[in-house]
Structures are given as C-alpha cells and as structure tokens.
Number of protein chains: 2
Amino acid sequence: MKLPTQADVARLAGVSRATVSYVVNDQAGGQIPISEETRQRVLAAVAELGYVPDSRAQALRSGSTKTIGLIIPDIQNPHFWEMAAGVEQEASKIGYHILLSSISPKSRDAEDVFENLSYRRIDGLIMVPSFIYQSQKAQKTLADLLRQRIPIVGMMSNLSQINLDIDRVVSDYRDATLEIMTHLLDLQHRRIGFIYGIAVPNLGEDRLSAYRESLQSANLRVDPELIASCGPTMEDSYQATLRLLQLPDRPTALLVINDLLAVGALRAISDRNLRVPHDISLFGYDDIPLAQYMVPRLSTTRLTSPNCRASSALSLRSLSTISIATALPTARVRRWVPPAPGIMPRLISGWPNLAVSDATIMSHAMASSQPPPRHHPLTAAIIGLAMAVS
Amino acid sequence: MKLPTQADVARLAGVSRATVSYVVNDQAGGQIPISEETRQRVLAAVAELGYVPDSRAQALRSGSTKTIGLIIPDIQNPHFWEMAAGVEQEASKIGYHILLSSISPKSRDAEDVFENLSYRRIDGLIMVPSFIYQSQKAQKTLADLLRQRIPIVGMMSNLSQINLDIDRVVSDYRDATLEIMTHLLDLQHRRIGFIYGIAVPNLGEDRLSAYRESLQSANLRVDPELIASCGPTMEDSYQATLRLLQLPDRPTALLVINDLLAVGALRAISDRNLRVPHDISLFGYDDIPLAQYMVPRLSTTRLTSPNCRASSALSLRSLSTISIATALPTARVRRWVPPAPGIMPRLISGWPNLAVSDATIMSHAMASSQPPPRHHPLTAAIIGLAMAVS
DNA sequence: TTGTAGGCGTTATCAT
DNA sequence: ATGATAACGCCTACAA
C-alpha cells in the first residue's frame, strides 16, 4: 500500500502543498500565518489519510538527516554498551536517531563499515577507539568527514589513536591509579601485578604509566613479569591472571585495566583457590553495574569517595576489591563555559558541579591549550552526549 | 565545504549525469554498456572530487533506505546487548544499517520514540518485547507499518504482547525447564524457588508454567511463597532472593528467569553465607558470556548436552549451577524450507542442522499452523538476523 | 554507447 | 493568508 504524500493531503484539504507543509511543521506560530480554519482542515486531512512526512525527502531537502552515527568496538564489554545506551537516550531527547555500527578488529571489512557510515550523511559522529582508525583508508574517511564540517567526537583516552584534530571526551584514570598505588604501597604490598588487556595498542596507558611511576617513586623495580599484556576478553584476562598467579613470587595485589577483565581475573583467583581480599587484592576500573554483584564485591566508586564501602574493611595486606568509577571528574577540563541556553546544557549525573554546554569545554582536552575553531552547534550536543556516558 | 554532486563529476569527466550514475553503480556489467575509456574518466573524476553518492537522495529515489530499525528495552541485560550486536553484525553483512532505539518502560515518551522510528522509512523492523507495544498508540503505529508492508520481526516469546499478526522469532524454554525440574525432583528437592523478574507482564511464562506443571505432575503443591515476582534488574532479583532465603523452610534450589538475575541471586546467596552448590542449587537461562566466569560458575549449555560440565559433579541435593543456553533448538519450527539461494541462508552457529532461509520457517511460530502470506524478501533476511542472535 | 528528461516528497522563495 | 514553482541529488526509461 502506497503511503499518502503531502500532495494527497493538499488535495483532500483543498489547499496547496506549501500550506500543508506549514501546518504540519507548525510554522504558523511564528512567521507564516495560517487561518485556524485552514489549519483544522489540513489537520483533519492528515489524520484521515494517516499522513506522515517522509523523512528521506525532508533529509534531502533540509540537509539534515537527524541522525548521529555511533561506532563502538564489538567487544563484549558492558562498558561500551552502557555508552551506547546513554548516547541513544540522550540523542533521542534532542530528536536525533542513532545509526549504530560496531567494528570488530578481526573483521577485514571494518574499514568499509566505517566508510559506509560516513556516506550516509549523518549529522554527527561519535566513536570509541579502535585500531582501525589508524589505517590509511580510515584516516581518509575521517578527513573527508571533517572536510564536510561534520561534528565528530571521540570517546577515547589515547591521543596516539588518531592523528586528526577532532574533539574528544577523555577519561583519565591516572589520578585514580596513583591513589590506588599509594594505598597499596602504604599497606606494604611489594608485588603488584597489572593485567593489561587491550584491544588497541597503547590503550589505557594512563593506568599503566601511573602504575610504573608509582613503583619508581617508591624505589621499587618495575618487574616486567608482573605486567601481563593480553587481549580484551574475559578469557584473556583469566588466562593472564593464571599466569601471574603461577609466578614463584606471586603478586599480592592486582590491577586490572577494566571491570570486565577483573571478572575474569576474579574467576582465575578463585580457580587457584585464593580468596579476595584475604590472599590477594583486586582492582578494576569503570564501575560497571555488575561490579557490585560479584562475589566478592568488585565494589564501586573512587578510593577517597565517602561512600566507598570496601575501604572500611581494610586489612594490612589487602584493600578488598575496588572498582574505580569512571574518572570523569579527573578528565582535563580546559575551559569552563557556563551553559548556553538551547544547546543542551545538562548536569552530569552524580557530579553536580560539572555541566556540559559547549564544545570548548573538552576541545583538545589533552592536546593543545587552545580549542580549535569549531562552531557547529551540534558539536556541543554531541560532546554532551558523549560526556554524559563516558 | 560543499560536497561534490553527481553533476560535478559529470562536468569534470565531460559526460552526462546518467553516465556517472551508471558507472558508480556498476550497471555497466549487465545492461548498459559503458566504454572502458569513459568509465575510467568518470572514475578518475570521482576520485579527484572525492564524490560519494548521497544516500538521502538514493533513498528518496529508490525507495529503500537500507536501514533496519531495532528496538530494544533499555534494561541493563547483556542478553539484549548480545542481540543488538548480533543484529548489527548480520545487517552489516547484507549492506544494511541499524537505527537503534531503546525504550525504557519508565519514560513517558516511549511511544513517540517508537512512532518516530516508524516515520523514518526504515526497510524493516526488529523489536524485542516491551509493554509499550500494548498501548493504543503503539498498536496504531505498528498497524501503520504493517500497512506499508514493511517486514517486521518480533523477538519475543509471548503472544499476548501484541495482537497483531507479525512474524516472530520464538525461544521456548519450556522443555529445558521441564528437564531441570525433573532432574531436581529426582534429586529429592522439594522446595524449589522461582525468581520471576520481568519487565513485561507475562514475559517468560514458558518457564513459569513449566515449573508449575512439573510440581503438579509430581503431586507437589505449588507454593506461591516460592514464586518471587520482581522487577527485571539485578537488584530486584537480589532482594527477591533474600526474601526467599528468609523463609522458614527455605528453598534448596532456585530457578531464575535469566542469567542476569541469576547473578543477583548468587550475590544474595553469598550474602546469606550459603554456598552453591553445597547449600542450594541455582539455575539461570540465556548463557550470557559472563555466566561461566562467575564464582561459582553459572555454567553453560543444556542439561543433556554432552559438554555440560556441571552435571558431572552432581551431588544428591544439588546440581551445581546451570545456565540453560538459549533454547533455539526447542523453538517451535513449523515448517522446514531448504535454504533458498540469495536469501541469506546461514547456519545458526553451534546448531549446524538448523538454518534460516525463509520467513515461513518461523512464521506464526506459536500461533496458527499456516504461515501468513508474507513475500517481502527482506523478511527472510530479518528473521535470519533475529534468529541468528535469539 | 551516451544524453535527455521526468519525478521521488520536501521546503523555501516568491508572487498573488 | 495562500498558491505556484524551483530546487535538493539521484535513478531510469527512453530517445538519439
């Protein structure tokens, strides 16, 4: 069955197509006056025919597709899905739809997926790091998008990912890591392991380098044996943890690069008949919802946070299990701009002092000191989206 | 910067717009012959200008947006994420994009989200149950979509969700549940609890009714106290499990409606200082990836499956923890149609004997015996998508 | 082998 | 206050 078109409505209501357009778009309120009688006639015709504007034609005509592309790595990490869910919800609030793409590092056509997405005339793009962006072709695609002045926001903590000059939302776990390490070293831990399970080279450097520096400041040797590099899946961290636990002088504490992998580590510890926190301490990052339901609890929030439940049960050797909440507050915020009306000012839930209103807030967060000129209003909104869930 | 258009390419190459269209669409192979020389000139112009066809215009002209809508409930259940990831991957393989929408039962504008999605001239729709579909407005939207002959596939096990006549992919946990119950009753379990945590009324009836029937067949009373209805979050099942464990005559085994909630239950059991499987048996459904990393393992696969690790460690009172894998093989398949070439025949991974090739396979899976007339080729593909991850 | 022309459903700019 | 008309960028008969 063919859908009714604007022309059908116009015919039925006995008006022109333009009038129909005015009425359905409610332009009548401001500029173009439409008599109430005509308005009602049009509305009646719309209802009778079940007319809905064709968003394809709208997109073609208006230039805007009301669509934001979202690219996430397809790894099984709830953290990314939380991001996706958050982005979708926020986008929906401002009338945008999400065009979802996942990119698996394995799939050979990942570049094409990326390229395809860019051809769909999306109004904006949010992406999460993946090594695919380092490829020639991906770089070119990104450059194309930038040339079109499409707002792009990366949710990534690592500058080496992309050479291009795009806005980013950066979570920095450095301070949190320093805090953990100080604590552990105070508790006389001397063998601290690090499960470095990454999908992208250099990802999570913030945690690893802070780990190294802490040891060095304490005049302790950074034992390469204790840094277990592995892949990004639970199985990877499970195996890596098993390896660490088999060392002659096994670690008494373990930092794991994110909560998902911490789950794998927990399982490995249990399979070795060790207990957390009695025999070994365990730390994760992200505070995924699951964390507090693990046994033992991979609990939540920052070390110094008042509601850090775990820290109340400290023993000399162990700090129980802690999952560091997403370190949004420690992200480097270059410039504070008070919320501009109309551009999606919103509070980051849980951090009432931090609001997002303008692209400049996070522009070049970690790179240069002056924000690049970027005036597309959607950029602010997209950064808001990205930040709201980062 | 304005993007180059077909006309720009035509001008640069010194040909007409039609020729450009032929070349970029590779129609030359079949019908319309283009001289190799012209072809190269056009291609060169395309490359020089960085021309890409405008998918908005393509959509308007061709009628197809190459887009499939996906609606999932926004609850924090990895099971749905897995679905979304699977759908996205499969869609991408056949050149489709996913327009993602999540619908939270709480949000008041959920209906609008649904409606919005339907206006975007999507080529198909995949949706997961949510009570929102029961509303008047949602029903109307669905009816509109059906009137447009848009292929719609529901991934839902419950017929009462929607009164409309749409294709569904049905997972039926009934047999699996009967199997578990038989086993537990054989092991002399007499107090078996059921954590019925649902987001939608009547969801998961298959499990609950099989649970009831099993008890009745064994001449046991169905104790309403042992059926804990609650919400769909881990916290809900955590609380519900605590309640069950406080009963004077507490259950010795627990069925939980899905793995996510089983995690919450596991935590509650641990908080009551009980151990699985020594003190209580625990069962979940879905086999989410996380399941096998839980301590103790919420292990995997069907009871009778050869690789059911847990069943080898049976004790009298307990069957360890078992997560029933998605019950695809027990879904009611009305009619088997051998794979039709070109319509995305594919094997369901892990179940080599079950392939998806035609809408008729799952049509009216649980309702009537004759499939409805539904000839849109995309339906088959979409059912394939949906089934591949259900 | 290539070019011409019409139309997809909107919106915006002019007239009326 | 409303109507005609011209784009938007592309595809596809059909004509040359």
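Keep in mind that this is a model prediction, so the values were computed, not measured.
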Undergrad: Between B:L99 and A:L99, is there a side-chain heavy-atom distance shorter than 4.5 Å?
TA: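 In short, these two side chains touch, coming nearer than 4.5 Å.
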Undergrad: Go through the structure and list residues passing side-chain contact (heavy atoms from CB on, under 4.5 Å) with A:L12, not counting sequence neighbours.
TA: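 side-chain contact (heavy atoms from CB on, under 4.5 Å) check on A:L12 returns A:A45, A:E48, A:L49.
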Undergrad: Is a salt bridge present between A:K66 and A:D123, judged by a nitrogen-to-oxygen distance below 4.0 Å?
TA: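 The answer is no: the pair does not qualify as a salt bridge.
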Undergrad: What is the separation between atom CD on B:Q40 and atom C1' on C:dT2, rounded to the nearest whole Å?
TA: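 Whole-Å distance recorded here is 17 Å.
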Undergrad: What contact category does B:T19 fall into here, base, sugar-phosphate, or nothing, at under 4.0 angstrom with non-hydrogen atoms?
TA: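 Contact class for B:T19: sugar-phosphate only.
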Undergrad: Rounded to whole Å, please give me the gap between CZ in A:R120 and C1' in D:dC10.
TA: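 Value for this atom pair: 15 Å.
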Undergrad: Is there side-chain contact between B:V52 and A:R121, with heavy atoms separated by less than 4.5 Å?
TA: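 Yes, their side chains come closer than 4.5 Å.
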Undergrad: Quick one: CZ on B:R11 to OG1 on B:T5, what's the gap to the nearest 0.5 Å?
TA: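 Spacing of CZ (B:R11) from OG1 (B:T5) equals 8.5 Å.
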Undergrad: A:S16: what forms a side-chain contact (heavy atoms from CB on, under 4.5 Å) with it, not counting sequence neighbours?
TA: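 In terms of side-chain contact (heavy atoms from CB on, under 4.5 Å), with neighbours along the sequence ignored, A:S16 is linked to A:A18, A:T19.
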Undergrad: Could you pull out the protein-nucleic contacts involving nucleotides 6-10 of chain C (nitrogen or oxygen on both sides, under 3.5 Å)?
TA:
residue: C:dG6; atom: N2; partner: B:R61; partner atom: NH1; Å: 2.5
residue: C:dG7; atom: N2; partner: B:R61; partner atom: NH1; Å: 2.8
residue: C:dT10; atom: OP1; partner: A:Y51; partner atom: OH; Å: 2.8
residue: C:dT10; atom: OP1; partner: A:D54; partner atom: N; Å: 3.1
residue: C:dT10; atom: OP2; partner: A:T5; partner atom: OG1; Å: 3.4
residue: C:dT10; atom: OP2; partner: A:Q6; partner atom: N; Å: 2.8
residue: C:dT10; atom: O5'; partner: A:Y51; partner atom: OH; Å: 3.4
residue: C:dT10; atom: O4; partner: A:R17; partner atom: NH2; Å: 2.5

Undergrad: Would you say A:T38 reaches D:dT2's phosphate, i.e. side-chain N/O to OP1/OP2 under 4.0 Å?
TA: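 Checking A:T38 against D:dT2: at least one side-chain N or O falls below 4.0 Å of OP1 or OP2.
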